[in-house]
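Report on the following structure.
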Amino acid sequence: MRQVKQVKYEGVIKRYRDFLPYIKEKHIITILEGNTPLIKSRNIHRLIDPKIDIYFKFEGLNPTGSFKDRGMTVAVSKAISEGSKAVICASTGNTSASASAYAARAGIKSFVLIPEGKIATGKLSQALVHGSTVMQIKGNFDEALVIAKEIANEYGVTIVNSVNPYRLEGQKTASFEVMDELGRAPDYHIVPVGNAGNITAYWNGYKEYYKAGKIDRLPKMIGFQAAGAAPIVLNRVIKEPHTIATAIRIGNPASWQKAIAARDESGGLIEAVTDEELLKTYSMLAQKEGIFCEPASAITLAGLIKLSEKGYFKKGDVCVLTLTGHGLKDPQNAINVSKEPIAVPCDKLSVLKAMGLWD
Ligand SMILES: *Cc1c(COP(=O)(O)O)cnc(C)c1O
């Protein structure tokens with residue numbers, strides 16, 4: 001039996017300190033992010049491809065409900081150690097939710113630029129409740145990022161978008177957790193691709209464990225973009241990206257070249273999936289596995305299904321899918337794609353009829 005030493009969990013910076021930039025104890029800002037479950041598929045793999053193993057790395061269970069917290073703990077801790085008094089980010093939602101929470105915990109200011117009307121209610125509520133200055137701009141994410149970068153350069157406010165290298169450092173800890181749990185790297189690691197930071201971070205993490213001799217084979221990195229926001233797949237900037245999956249509604253990814261390197265070095269793929277396909281797997285994950293994730297997260301399963309239909313996988317392949325954010329971020333979307341509640345008069349017989357137990 002595998003011996004697991006029980007130690008108090010203190011967040012990703014302490015757990016993976018040997019693989020992360022040095023940060024003094026007193027500067028560490030953590031809300032105990034990371035340590036998320038790797039959930040083995042119980043039902044879906046049988047419906048799709050019984051010969052492969054599917055695991056969901058459910059990043060929706062981070063403190064602010066997305067994987068962004070892994071990078072934010074490192075970025076904000078570094079900002080604190082450098083004496084920064086404020087952070088700024090452009091965001092499709094989750095970066096702002098995370099930046100706001102970590103800045104609040106650190107006791108510094110946060111400024112958030114979001115595209116007007118294109119951010120899920122849950123994410124907006126998070127930035128607001130944590131006390132950020134939230135600015136809705138009449139533009140898209142890519143335009144907001146340009147402004148945030150300029151202000152950061154000129155006014156000494158720390159930018160915490162994934163152009164901040166510490167974000168990717170923190171985010172790679174998710175791949176460490178996967179390998180620590182499986183005792184190996186998966187054959188395939190599938191992630192949604194928006195700004196392309198996460199696919200880059202995972203690949204870096206896998207390579208670092210490989211170099212350290214902790215694993216003996218690397219996975220293939222597979223990324224999926226929404227069809228209406230697929231600059232890497234189409235090999236051109238998309239001026240007006242559109243998709244229901246707002247977290248990956250990005251037309252000019254910051255880590256474009258790094259994502260291509262991750263794809264090519266690993267022998268993987270980056271492909272596109274339609275909104276219709278990803279909404280199907282969004283409901284499927286909720287109804288067949290009990291996992292409520294964001295539409296952007298469900299793109300991983302939609303992509304896996306596509307590849308599986310083409311006969312891409314072989315028997316025994318281990319596939320890990322990162323479910324990047326929690327479904328509660330955008331409850332309206334869940335309501336829109338689901339059956340409506342049934343209106344029932346307030347008596348037992350009517351309820352029984354509605355249940356199908358009485359005709
Ligand atoms: C940020 C985010 C993504 C995209 O990740 P990138 O690193 O920008 O590619 C996907 N899903 C969710 C839920 C996110 O918050």
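Numbering of residues begins at 1 and proceeds along the displayed sequence. As a basis for the values below, the full set of heavy atoms in this structure was taken, side chains included, without hydrogen atoms, waters or symmetry mates.
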*List the steps, then state whether side chain to side chain contact (heavy atoms under 4.5 Å, CB included) holds for V87 with F111.*
CA-CA 6 Å; V87 296; F111 299 97; over 6 Å; no
Between atom [atom1] of [X] and atom [atom2] of [Y], what is the distance when rounded to the nearest 0.5 Å?
X    : Y    : atom1 : atom2 : value
T92  : R249 : OG1   : CZ    : 9.5 Å
R167 : C89  : CZ    : SG    : 8.0 Å
K306 : T281 : NZ    : OG1   : 11.5 Å
L323 : T300 : CG    : OG1   : 5.0 Å
D142 : E240 : CG    : CD    : 11.0 Å
Y282 : D330 : OH    : CG    : 6.0 Å

Sidechain-backbone polar pair: [X] side chain, [Y] backbone, donor-acceptor under 3.5 Å:
X    : Y    : result
S77  : I29  : yes
N62  : G65  : no
T200 : A196 : yes
E10  : L32  : no
S175 : K172 : yes
N195 : A254 : yes
S84  : A86  : yes
N161 : V163 : no
Q225 : V233 : yes
R105 : T30  : yes

[Y] versus [X], side-chain donor and acceptor atoms under 3.5 Å:
X    : Y    : result
E33  : Y102 : yes
Q126 : S100 : no
Y16  : D180 : yes
R70  : T36  : yes
D216 : Y210 : no
E208 : N204 : no
E59  : T324 : no

Above 12 or not: heavy atoms from other molecules or residues under 6.0 Å from [atom1] of [X]?
X    : atom1 : answer
K280 : NZ    : no
K85  : NZ    : no
E276 : CD    : no
E154 : CD    : yes

*Name the one of H326, K329, K123 that satisfies side-chain hydrogen bond (donor to acceptor under 3.5 Å, both in side chains) with E294?*
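With E294 as partner, H326, K329, K123 yield a single side-chain hydrogen bond (donor to acceptor under 3.5 Å, both in side chains), made by K123.
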*With H189, which of Y55, Y206, W203 fulfils side-chain hydrogen bond (donor to acceptor under 3.5 Å, both in side chains)?*
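Going through the options one by one, the only one that passes is Y206.
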Can you get from [X] to [Y] by hopping between Ile, Leu, Val, Met, Phe, Trp and Tyr side chains that sit under 4.5 Å apart?
X    : Y    : result
L279 : I44  : yes
V191 : F58  : no
Y188 : V320 : no
I31  : I23  : no
L307 : L278 : yes

*Is any NZ, NE, NH1 or NH2 atom of the basic residue among D18 and R15 found under 4.0 Å from an Asp or Glu carboxylate oxygen of the other?*
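Salt bridge flag = no for R15 with D18.
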*Look at E169 together with K78 and state whether they make a salt bridge at an N to O cut-off of under 4.0 Å.*
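No.
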*Please walk me through it: do Y202 and T322 pass side-chain hydrogen bond (donor to acceptor under 3.5 Å, both in side chains)?*
CA-CA 10 Å; Y202 270 99; T322 297; 2.9 Å; yes
*asked:* salt bridge (Lys or Arg N to Asp or Glu O under 4.0 Å), that's the test. Do E271 and K310 meet it? Break it down for me.
replied: CA-CA 13 Å; E271 294 193 351; K310 288 192 238 168; 3.5 Å; yes
Answer whether the closest heavy-atom distance between the side chains of [X] and [Y] falls below 4.5 Å.
X    : Y    : value
K57  : E177 : yes
L182 : V318 : yes
I48  : H45  : no
L113 : S91  : no
K40  : D53  : yes

*Classify the ring geometry between F19 and F176 as parallel (under 30°), tilted (30 to 60°) or perpendicular (over 60°).*
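Plane angle between 30° and 60°, so tilted.
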*asked:* So which atom in P241 and which in I238 form the shortest heavy-atom distance, rounded to 0.1 Å?
replied: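 Closest heavy-atom pair between P241 and I238: CD-O, 3.5 Å.
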*Run the numbers on F224 and V193 for side chain to side chain contact (heavy atoms under 4.5 Å, CB included), then give the verdict.*
CA-CA 6 Å; F224 286 100; V193 174; over 6 Å; no
*Kindly determine whether K149 and I159 satisfy side chain to side chain contact (heavy atoms under 4.5 Å, CB included), including the steps that lead there.*
CA-CA 7 Å; K149 276 196 219 164; I159 190 159; 3.8 Å; yes
*Show the numbers, then the answer: is there a side chain to side chain contact (heavy atoms under 4.5 Å, CB included) between I88 and T158?*
CA-CA 6 Å; I88 186 168; T158 305; over 6 Å; no
